[in-house]
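Residue numbering restarts at 1 for every chain, and letters A, B, ... go by the order of the sequence lines. Small disclaimer: the values here were computed from a predicted structure and weren't measured.
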Number of protein chains: 4
Amino acid sequence: MNLAAIKNVGRPRDESRDAAILEATLQVLGEVGYDRLTIDAVAAKAKASKATVYRRWTGKASLVVEAIQTINPHKVPVAGAEPECIWPDTGSLRGDLLAGCRNFVERLNSDEGRLMVAVMTAQARDPELATAMRAATYDDKRRSCRILADRALARGELNSTAGADTFVEVLPAIMFNRLLISGEPFDEAFIAHVVDDIALPLLGHHERAGKP
Amino acid sequence: MNLAAIKNVGRPRDESRDAAILEATLQVLGEVGYDRLTIDAVAAKAKASKATVYRRWTGKASLVVEAIQTINPHKVPVAGAEPECIWPDTGSLRGDLLAGCRNFVERLNSDEGRLMVAVMTAQARDPELATAMRAATYDDKRRSCRILADRALARGELNSTAGADTFVEVLPAIMFNRLLISGEPFDEAFIAHVVDDIALPLLGHHERAGKP
Amino acid sequence: MNLAAIKNVGRPRDESRDAAILEATLQVLGEVGYDRLTIDAVAAKAKASKATVYRRWTGKASLVVEAIQTINPHKVPVAGAEPECIWPDTGSLRGDLLAGCRNFVERLNSDEGRLMVAVMTAQARDPELATAMRAATYDDKRRSCRILADRALARGELNSTAGADTFVEVLPAIMFNRLLISGEPFDEAFIAHVVDDIALPLLGHHERAGKP
Amino acid sequence: MNLAAIKNVGRPRDESRDAAILEATLQVLGEVGYDRLTIDAVAAKAKASKATVYRRWTGKASLVVEAIQTINPHKVPVAGAEPECIWPDTGSLRGDLLAGCRNFVERLNSDEGRLMVAVMTAQARDPELATAMRAATYDDKRRSCRILADRALARGELNSTAGADTFVEVLPAIMFNRLLISGEPFDEAFIAHVVDDIALPLLGHHERAGKP
DNA sequence: TTTTAACCGAGACGGTACGTCACGTCTTGTG
DNA sequence: CACAAGACGTGACGTACCGTCTCGGTTAAAA
C-alpha cells in the first residue's frame with residue numbers, strides 16, 4: 001500500500017505531525033463540533049498543510065475517528081494481548097458496577113462524551129469507520145462488563161453464568177442509548193438505577209447489600 | 001407570521017408539492033444517505049424549486065424528519081388524542097411481546113430501517129432533528145412498551161408495576177443499540193432472546209408459558 | 001448551450017456582474033500580472049463568488065481575454081458593420097502612417113500593452129483563445145493598415161496596389177515582434193524608422209516629403 | 001558558491017543526469033506544452049529526484065530554456081568565437097535567402113517549431129526566459145540574416161548597406177509573426193513571397209534573376 | 001372583471017469547504 | 001557529498017452545496 005513504508009526509501013513521514021494533527025482535530029472538534037469542523041481549520045491549528053492531512057487520512061471521518069481513539073489508546077486491543085479492564089476491582093460486584101458506571105459516566109460527561117457522540121453519528125456512512133468506532137467504544141465496554149461478571153463468579157457472588165451474557169449485552173446498550181438517543185443526563189441516580197434495577201437483577205444477584 | 005395564511009390572499013400553496021418533495025426526500029435518502037442528501041437533489045427529483053422547499057422547511061434536518069414521519073404517520077401523536085399502539089393484542093404478555101418485537105424488527109429490516117439509521121446517526125448534529133426523530137421512533141417505541149405492560153397488568157399477568165418502568169427503558173435501548181451500534185442482524189432467535197431473557201425477567205414475569 | 005438564455009426561464013444573469021468582474025480582472029492583471037492573477041483575487045475584488053466567475057468563463061485564460069477586449073470594444077468588428085478605422089486621416093500617407101503608429105505605440109506603452117503581452121502568451125494553449133486575441137489585436141491592426149493604403153490610393157499617392165498587401169503584412173509583424181519578442185522600446189525614432197525605412201518603401205512610395 | 005566544485009570533495013555530480021533530465025524535459029514539453037509541464041513529471045520521466053533538478057536549475061523556465069538550446073547547440077555563440085551561420089552559401093543572394101528560409105521553415109515545421117511556440121508564448125512571464133529564448137532563436141536568426149547580407153555585399157549583388165539593417169530586422173519578424181501570431185502555414189509559396197516581395201526589395205536588390 | 005399578492009419553476013447569486021495538484025524545500029537511506 | 005524517493009508547508013485550482021434572491025408566469029380570493 002505504501003511503498004515508502006515497505007521499501008524504507010524517501011523521506012520518512014514525520015510522525016510528530018500525526019500527533020499535532022490529531023491534537024488539533026480534538027481541539028477543533030471540541031470548539032465547533034463535528035459538522036463545523038473543517039480540514040482547513042485542523043490543518044491551520046496544527047500548522048500543517050491540507051496535503052499532509054490528506055496524505056494520512058482519507059477525509060474528515062477517518063481523521064476524527066482516529067483522533068477520538070487517541071483519548072484512550074489503551075482501549076484499542078492489541079492483537080494477542082490480554083484485554084485490559086479499565087474498571088477497578090472494588091471487592092464486590094455491586095461496588096464494581098457502581099465504580100465502573102461512574103468511570104464511564106465520568107468520561108461521557110467530559111469532552112470525550114461529546115466527541116463520541118459526534119463520531120458515532122458518522123459510522124453509518126462508512127462501515128470500516130463503524131468497525132473502528134465500535135472497537136474503541138462499544139466492544140471495549142462489553143469487555144469490561146464481561147470481566148466484572150467473571151470477577152463476581154470468582155468471588156462466588158453469582159452462581160450461574162446465565163445472566164452474565166445478558167448483562168454484558170444490556171448494560172452497554174442502556175448507556176449508549178442514553179448517550180446517543182434519549183439524551184437524558186448521566187447522574188448518580190441514573191447510575192444507581194442501572195446497577196440496582198437492571199444490572200443486578202439480570203445477573204441474578206438479588207441480595208442488594210447497599211439497598212436494604 | 002404568514003400573511004397569506006391569515007389574510008387568505010394570493011395564490012394558495014399547492015399542497016401536492018409537499019407530498020412530492022417528501023417522497024423525493026425519502027428516495028434520495030435511501031439512495032445516498034443523510035449526509036450526501038442535498039436539497040438540490042431533492043428539488044430536482046421532485047421537479048420542484050429550491051425556493052419551494054425552503055418555503056416549507058427550514059433546511060435539510062426538518063425536511064428529512066418530516067419525510068421519515070410520513071412512513072408511519074399514525075405514530076406521531078396528535079395533541080390530546082389517545083396514544084395509539086401499533087402492536088397487536090394477542091391475549092398474553094409473551095405473545096404481545098413477540099408480536100411487538102416482530103413488528104418492529106420487520107420494519108427495521110425494511111427500507112425504514114435503513115432510513116432510521118441514516119437519520120438517527122445524524123441527530124447529534126442537530127438538536128431539533130434529534131427531538132423530532134426521538135418522537136417519531138424512540139418515544140413511540142416506549143409508548144408501545146408501556147401499553148403492553150399495562151395490558152399485562154390488566155390481565156393479571158403482572159402483580160407490580162415495579163419492573164414495567166425498567167422494561168420500558170431497556171427494551172427500546174436493546175433494539176436501537178443493535179440497529180445503530182452493534183449492527184447485528186434481527187432474527188427470530190434474537191426476538192426470543194429479548195423476550196425471554198430480558199423483557200420477561202425485568203417485568204418480574206417468571207412463569208414462561210412458552211419456555212418451560 | 002444555455003437553457004436559461006434560450007427559454008428565458010430562471011433568474012436572469014446580472015449583467016452588471018460581468019462588468020464588475022472584467023473590471024476587477026483588469027485591475028488585478030495590472031497589479032500582479034497574468035501569472036500571479038488568481039480567480040479568487042478577481043472574485044474578491046469584484047465582490048463576486050468564484051462560482052459566478054466560473055459560470056461565465058471557463059477559466060483564467062478566457063476571462064482575461066475578454067477583459068482585454070473590453071479596453072477597445074469598438075475594435076471588435078460587428079458582423080455586417082463597416083470596419084472602423086481607429087487611425088486618423090491626416091491628409092497624407094506619411095502623416096497617416098506616423099499618426100497611426102503613434103496611436104498604436106501609445107496604446108502599447110500604456111497598460112494595454114502590458115496586458116496584451118500577458119494574454120498573447122496564453123494563446124498557444126487555447127486555439128479558440130488565439131482566434132479571439134488575434135481578432136482583437138492583430139487582425140484589427142491589419143484592417144487599419146489596409147484602410148491607410150486605400151486612402152493613399154484614393155489620394156493618388158500610390159499608383160499600384162502591389163505593395164499594399166505586403167505593407168499590410170509587414171507592419172503589424174514588425175510591431176508585434178518588437179512587443180512580444182525583441183522587447184525593444186517603442187519611441188519616436190522607431191516610429192520614423194518603421195514609416196520611412198519599411199512602410200513607405202514597401203508601398204512603393206519613394207518621394208518622401210518629410211525626409212529629403 | 002559551490003563548495004564541492006571548489007574544494008572538490010564529496011561525491012561528484014553525475015553529469016549524465018543533466019542529459020537525462022534535459023531529454024525528459026523535451027519529451028514532456030512536446031507532450032503537454034510549457035504550461036502543463038511540471039518538474040515532477042520531468043523528474044519522474046528522467047528517473048531523477050526533484051532535488052537533483054533544482055540543484056542544477058532554478059526552476060521550470062531555466063530548465064526548459066536549456067532543454068530547447070540542446071536542440072541546436074551550435075547556435076549558442078561561444079564568447080569570443082566566430083558566429084557560425086547555419087545557412088548555406090548557394091552563390092547568389094536570392095539562392096541564399098531561399099535556402100535560408102527553407103532551412104528555417106523546415107525546422108519550424110518539425111518538433112522544434114512546436115517547442116518554440118510553447119516556450120515563446122511563455123516568455124513574457126519570465127524575463128530571464130525571454131532573454132534566453134531570444135538568444136537561442138531570434139538573435140540567431142538575425143545573425144544569419146546579417147551574414148547573408150554581408151555575403152551579397154561581398155559578391156557585389158548589393159551596393160549599399162542601407163537596406164541590410166532593415167532586412168535583418170524585418171525578415172525574422174515576419175517569420176516569428178507567422179509562427180506565433182497569425183498561425184498561417186509555412187509553405188513554398190510563402191517562402192517565395194517573403195524572398196521576392198519583402199527581403200529583396202528591402203535590400204534594394206531589384207534585378208530578380210529567378211523572377212523575370 | 002380587474003387587481004392583488006403569494007405561489008410556482010428555474011436558476012443566478014455570495015459564500016464556504018471540499019479534495020487535488022504543483023510548487024520549491026527538506027530529510028531520510030544508500031552509494 | 002550526490003542521488004532517488006518522497007514528505008513537507010504553501011497556495012491556487014475547479015467543483016459542489018448552502019440558503020437567498022430574482023425572474024416570468026400562474027392561480028384564486030378580494031375589490
Side-chain angles (χ1 to χ4, degrees), chain A residues 2-5 7-15 17 36-41 43-44 46-56 58-60, chain B residues 2-5 7-14 17 36-41 43-44 46-55 58-60, chain C residues 2-5 7-14 17 36-41 43-44 46-56 58-60, chain D residues 2-5 7-14 17 36-41 43-44 46-56 58-60:
Chain A
N2 190 325
L3 190 65
K7 295 190 56 180
N8 210 29
V9 296
R11 176 175 174 176
R13 287 196 179 165
D14 182 349
E15 301 300 339
R17 307 316 296 135
R36 294 192 199 282
L37 176 145
T38 68
I39 302 288
D40 289 78
K47 292 192 184 302
S49 67
K50 278 202 295 177
T52 299
V53 176
Y54 282 106
R55 204 173 283 122
R56 291 146 196 262
T58 61
K60 191 158 100 169
Chain B
N2 190 324
L3 191 63
K7 295 189 60 179
N8 210 28
V9 295
R11 174 177 174 177
R13 285 193 181 167
D14 180 350
R17 305 316 296 134
R36 294 195 198 280
L37 176 144
T38 68
I39 302 288
D40 289 76
K47 289 193 184 301
S49 71
K50 282 201 293 176
T52 301
V53 176
Y54 280 104
R55 205 174 284 123
T58 61
K60 189 157 105 170
Chain C
N2 189 326
L3 190 65
K7 295 190 56 181
N8 211 29
V9 296
R11 175 174 175 176
R13 288 196 177 164
D14 181 349
R17 304 318 295 131
R36 294 192 198 283
L37 176 144
T38 68
I39 302 288
D40 289 78
K47 291 191 184 304
S49 69
K50 278 203 295 176
T52 300
V53 176
Y54 281 106
R55 204 173 284 123
R56 291 146 197 263
T58 60
K60 191 158 102 168
Chain D
N2 191 324
L3 191 63
K7 296 188 60 180
N8 210 26
V9 295
R11 174 175 172 178
R13 283 193 182 170
D14 179 350
R17 306 316 295 134
R36 295 194 197 281
L37 176 145
T38 68
I39 302 289
D40 289 78
K47 290 195 182 302
S49 72
K50 282 201 293 176
T52 301
V53 176
Y54 281 105
R55 204 174 286 124
R56 291 145 198 264
T58 61
K60 188 158 106 169

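- Qualifying salt bridge (Lys or Arg N to Asp or Glu O under 4.0 Å) partners for D:D40, counting only residues two or more places apart in sequence or in other chains: D:K50.
- Residue D:R17 contributes atom CZ, which lies 13 Å from atom C1' of F:dA5 at whole-angstrom precision.
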Contact pattern, 5' to 3', of nucleotides 22-28 of chain E - B, S or - by protein heavy atom under 4.0 Å: SBBBBBB
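- Proximity of C:S49 to the phosphate of E:dG15: no side-chain N or O atom is located under 4.0 Å from OP1 or OP2.
- Taking atom NZ of residue D:K47 and atom P of nucleotide E:dT30, one finds them 20 Å apart after rounding to whole Å.
- Interatomic distance, CZ of C:R17 versus CZ of C:R55, reported as 11.5 Å (0.5 Å rounding).
- Looking at residues two or more places apart in sequence or on another chain, you find no salt bridge (Lys or Arg N to Asp or Glu O under 4.0 Å) involving C:K60.
- Distances shown here put a side-chain N or O of A:T52 below 4.0 Å from the OP1 or OP2 atom of F:dG9.
- For the residue pair B:S49 and B:A43, the shortest heavy atom distance occurs at C-CB, 4.1 Å.
- Between D:A46 and A:D14, it is D:A46 whose nearest contact on DNA chain F lies nearer the 5' terminus.
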